[in-house]
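Each remark here refers to the structure printed beneath this line.
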Amino acid sequence: MEPIRKVGVVGCGLMGSGIAEVSAASGYPTVVRELNDELVARGRAAIERSLARAVEKGKRTPEERDAALARLAFTTRLEDLRDCDLIVEAVVEDLATKTELFRTLDALCPPRTAFASNTSSLCITEMAARTNRPDRVLGLHFFNPVPVMKLVEVVRGVLTSDETFERGMAFARSLGKEPVVCRDTTGFLVNRLLVPYMLDAVRALESGLGTVTDIDKAMQLGCGHPMGPFTLLDFVGIDTTYRIAEIMFQEYREPRFAPPPLLKRMVLAGFHGRKSKRGFYDYSGETPVPARLGL
Ligand code: CAA
């Protein structure tokens, strides 16, 4: 198996910053690309905050934090990723954007470079088929918060070679993660089960079954979930969940994947969850309170 000596991460938002952090903390020189200087600064600050938190929680030593930061390089130029052995993309969940990115990288990188997508719902085979290295494209789907969540879904597209797939499994393990083997099906394993659950919680709210706080409390205390479904929706992002649900509904045409009307209205209103300070809860004060949703 060809070794992975250097890693590229494209996109340094919620997921990309986490992937870059664990990659650098696991010993890989890691080049992170964002679209402009402002996004680079924001991504770098998110990684620094997370590493500081890991030190605070006793998960890493200050020396490990400093070593991880020293392994990170930031850029706005895709050309700076050309000598990476593996490039993980975590850009917006849009097929055209991701395929265009892989096509550009395909022209820049040597044949040995493997491309991984952190997509949670788009088709790996479609992204692979648009490159000249379809055997070297796979899915590596991480979970939020990346430094904490142990799982990586490793996705084998129709065209992914056995070697590329095994490289992906080995890479996930080298980050201290537990990989699971996934076929290239929309939503893979986790979102296939999680998305209908979160959408059902919204439908329960719409139909007056209970309040946001009571439904959250019920699932948290009744099932031992770390978060209730609305806290989780706010955490994942309302806009992200809406987009994933739409993609899953288009693929399966099953009502359980159809985004409920309230979700769409929340996206339109800018209630994107924790990141926009408003979702099912309002995060502008010291402790979150249920948001006014016009119900
Ligand atoms: N680096 C390393 N470890 C860290 C850390 C960091 N930056 N920050 C926190 N931790 C560790 C803590 O030390 C703690 O570890 P121990 O339990 O061993 O002490 C653990 O992580 C939990 O941290 P906290 O105590 O600070 O926080 P918490 O107990 O409130 O838990 C949570 C926070 C981990 C987010 C928890 O609420 C949780 O698991 N929520 C569910 C998250 C989830 O379901 N994510 C998946 C979403 S779906 C998705 O991502 C995919 C998709 O496609 C939509």
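In listed order, ligands and their atoms are each counted from 1. For the numbers below, each heavy atom of this structure counts, side chains included, while hydrogens, waters and symmetry mates do not.
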For E178, look at atom CD and say whether over 12 heavy atoms of other residues, nucleotides or ligands are found less than 6.0 Å away.
-> no
Nearest protein heavy atom to atom 48 (S) of ligand 1, by residue and atom, and its distance?
-> L194 CD2, 3.7 Å
Shortest protein heavy-atom distance from atom 13 (O) of ligand 1, along with the residue and atom involved | K59 CE, 2.8 Å
Quick one: does H141's side chain get under 4.5 Å of T119's, heavy atoms only?
-> no
Is the shortest distance from a Lys or Arg side-chain nitrogen in E126 or R130 to a carboxylate oxygen in the other one below 4.0 Å?
-> yes
Judging by distance only, is a nitrogen or oxygen of H141 under 3.5 angstrom from one on ligand 1?
-> yes
May I ask you to identify, for N191, whether its side chain, its backbone, both or neither come under 4.0 Å of ligand 1 on a heavy-atom basis?
-> side chain
Tell me, which protein residue and heavy-atom name are nearest atom 46 (C) of ligand 1, and how many Å apart are they?
-> N144 O, 3.5 Å
What is the ring orientation for F115 with F102, classed by angle as parallel under 30°, tilted 30 to 60°, or perpendicular over 60°?
-> parallel
Could you go step by step and tell me if E2 and I4 meet the side-chain contact (heavy atoms from CB on, under 4.5 Å) rule?
-> CA-CA 7 Å; E2 284 174 82; I4 294 172; over 6 Å; no
Would you verify that at least one protein heavy atom lies under 4.0 Å from atom 29 (O) of ligand 1, or report that none does?
-> no
Can you tell me if CZ on R103 sees more than 12 non-hydrogen neighbours from other groups inside 6.0 Å?
-> no
For ring-ring contact (aromatic ring centres under 6.0 Å, His included), just list the numbers for F280 and F230, CA-CA rounded to whole Å, side-chain angles, deciding distance to a tenth of an Å, and then say yes or no.
-> CA-CA 6 Å; F280 288 96; F230 297 111; 4.7 Å; yes
Minimum-distance protein heavy atom relative to atom 54 (C) of ligand 1 = V236 CG1, 3.5 Å
Are a donor atom and an acceptor atom from the side chains of D85 and Y28 found within less than 3.5 Å of each other?
-> no
Quick one: look up the protein heavy atom nearest atom 26 (O) of ligand 1 and list residue, atom name and how far away it is.
-> R53 NH2, 2.6 Å
Within the structure, does at least one protein heavy atom fall under 4.0 Å of atom 33 (C) of ligand 1?
-> no
The closest protein heavy-atom partner of atom 4 (C) of ligand 1 is V148 CG2, 3.5 Å
Does the T99 side chain pair with the main chain of L95, one donor and one acceptor, at a distance under 3.5 Å?
-> yes
Same cluster (ILVMFWY, side-chain, under 4.5 Å), V146 and F74 | no
Could you tell me whether ligand 1 has any atom less than 4.0 Å away from a heavy atom of H225?
-> no
Following the transitive rule for hydrophobic clusters with a side-chain heavy-atom cut-off under 4.5 Å over Ile, Leu, Val, Met, Phe, Trp and Tyr, establish whether V7 and L105 coincide in one cluster.
-> no
Just go through M15, M198, M149 and tell me whose heavy atom is the nearest to atom 43 (C) of ligand 1.
-> M149
Per-atom contact, atom 7 (N) of ligand 1, protein heavy atoms, under 4.0 angstrom | yes
Which residue holds the protein heavy atom closest to atom 39 (O) of ligand 1, what is that atom called, and what is the gap in Å?
-> P226 CG, 3.7 Å
Mark whether atom 17 (O) of ligand 1 lies under 4.0 angstrom from at least one protein heavy atom.
-> no
Sub-4.0 Å atoms of ligand 1 with respect to non-hydrogen atoms of S120 = 53 (O)
Assess T241 for proximity to ligand 1: is some non-hydrogen atom of it under 4.0 Å away?
-> no
Carboxylate-amine/guanidinium contact R292 D282, below 4.0 Å = no
Honestly, for L51 the part within reach of ligand 1 (heavy atoms, under 4.0 Å) is neither
Considering only heavy atoms of M227, which atoms of ligand 1 have at least one such atom less than 4.0 Å away?
-> 35 (C), 37 (O), 40 (N), 41 (C)
List the closest protein heavy-atom neighbour of atom 25 (O) of ligand 1: residue, atom name, distance to the nearest 0.1 Å.
-> K57 NZ, 3.5 Å
